[in-house]
Amino acid sequence: MQDFLQTLLQQRQRAALYRTRQIHCGPQTPILWIEDNPYLAFCSNDYLGLANHPRLITALQQAADHYAVGSGASHLITGHTQAHHALEAELATYTGRERALLFSTGYMANLGVITALFDRHDAVFLDKLNHASLIDAALLSRAQIHRYPHQDLSVLERLLAQSTARHKLIATDGVFSMDGDIAHLPQLVQLAKTYQAWLMVDDAHGLGVLGKTGRGTVEEYNLGVDEVPILMGTLGKAFGVLGAFVAGSELLIETLIQTARSYIYTTALPPALAETIRTSLTIAQEESWRRQRLQQLITYFRTVANQFQLPLMPSVTPIQPILLGETEQALAVSQALYKRGIIVTAIRPPTVPQGTARLRVTLSAAHEEQQIDKLITTLAEVL
Ligand SMILES: *Cc1c(COP(=O)(O)O)cnc(C)c1O
């Protein structure tokens, strides 16, 4: 085994694909501390700057005083508390759906939904750039898998037309996590209707951020439960905590409680975290300036980056990739920035297709204009 692992790791190293972890020593803010040195970071999914909000910290402390720490069991045994239950009701209200079901992570939510609803008689249609958890979920379900080129809905239509599967699912990211573009949901809704497919949107990067009131890509396009019957959202990104949920009809949620294995066979989130998420959901609604501030910063970033002719991609979301192409170049630029006190992750294959390695800049309402200036001038210098 050791020889095998050694060879495997050496191959990754030679292909410039070897990954290492930085060790951070403080809270998630635009300034991160590594070994007593501050770094300016553009990497987190904490889009609204809630991860270190004082009210969340207090909520967590107070809930820990009441519930202590571990939930002790899965939801169907004795792990389901008033905190989890209230959060689910609030998530249902927030998304305007009959019910919502809490999962421990977004990865598990996707696995749970798709394996619960689909099997080898069915077909799942996936955008090539969908998040890995949707792809893994489809694989695990044993449904036929059809992947269409990114946002190429004519290919999707052809695949849908040819399929004779019992049930068809179109599963898509709402905002694509590596490109930052938004799924063409109205057209997907139309295709789903025409070919009797069900539509599932994973809105990990849209929820809390997009739409008039932050309800995500479905709000952006004004779509309800009839158009998008399965909505998945995460609670570790814009909401700054951890966890995920699926929202939909009463029947959908009851079915998932009975059969979603990644819901049933795992320990419930600590109740104090559920309480913390409730507070986060409240703040996201009360402090709508956070969303507006984020939008301002996105516009500012794109304006300044264009002045410096940086290779931006067409994104209106806080995910703003800078396309560099070769893996080695993306890595070299990321390292050069790091030496200058700035952290922007290089995203390489297999996370993105060969030849599209990039720096993935993500913005947060907690950033300042002058921090964006520093990023862009340093980047221009390095390039
Ligand atoms: C982050 C992410 C997930 C996984 O969510 P976690 O809660 O981090 O497990 C799923 N889908 C998409 C599109 C994501 O970006």
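Numbers here are sequence positions counted from 1. As the structure is a computational prediction, the values presented were derived from the model and not from experiment. Both counts, for ligands and for their atoms, begin at 1 and track the order of listing.
- Contact atoms of ligand 1 toward Thr105: 7 (O), 9 (O) (distance under 4.0 Å to a heavy atom of the residue).
- For ligand 1, the polar-atom distance check against Asp202 finds a nitrogen or oxygen pair separated by under 3.5 Å.
- Side-chain atoms of Gln296 and Arg293 include a donor-acceptor pair closer than 3.5 Å.
- A salt bridge does not link Asp119 with Arg142: every distance from a Lys NZ or Arg NE/NH1/NH2 to an Asp or Glu carboxylate oxygen is 4.0 Å or more.
- On a distance-only criterion, Lys237 and ligand 1 share at least one N/O pair closer than 3.5 Å.
- Ligand-side atoms of ligand 1 in range of Gly106: 4 (C), 5 (O), 6 (P), 7 (O), 9 (O), range being under 4.0 angstrom from any heavy atom.
- When only modelled atom types and interatomic distance are considered, Arg360 and Thr362 share no side-chain donor-acceptor pair under 3.5 Å.
- Phe239 and Tyr94 have perpendicular rings, their planes meeting at more than 60° on a 0 to 90° scale where under 30° would count as parallel.
- Between the side chain of Thr266 and the main chain of Ser262, no donor-acceptor pair closer than 3.5 Å is present.
- Residue contacts with ligand 1: Met108 is excluded, as none of its non-hydrogen atoms falls under 4.0 Å.
- The His205 neighbourhood of ligand 1 comprises atoms 14 (C), 15 (O), with distances under 4.0 Å to a heavy atom of that residue.
- Counted by atom type alone, Asp203 and Thr217 present one or more donor-acceptor pairs between their side chains at under 3.5 Å.
- When each atom of ligand 1 is checked for a heavy atom of Tyr107 under 4.0 Å away, the hits are 4 (C), 5 (O), 6 (P), 9 (O).
- If you check the side chains of Glu254 and Gln258, you find a donor sitting under 3.5 Å from an acceptor.
- Look at Ser133 and you'll find a heavy atom under 4.0 Å from some atom of ligand 1.
- Looking at ligand 1, you won't find any N or O of Ala204 less than 3.5 Å from one of its N or O atoms.
- Nearest protein neighbour of atom 3 (C) of ligand 1, counting heavy atoms only, is His131 CE1, 3.4 Å.
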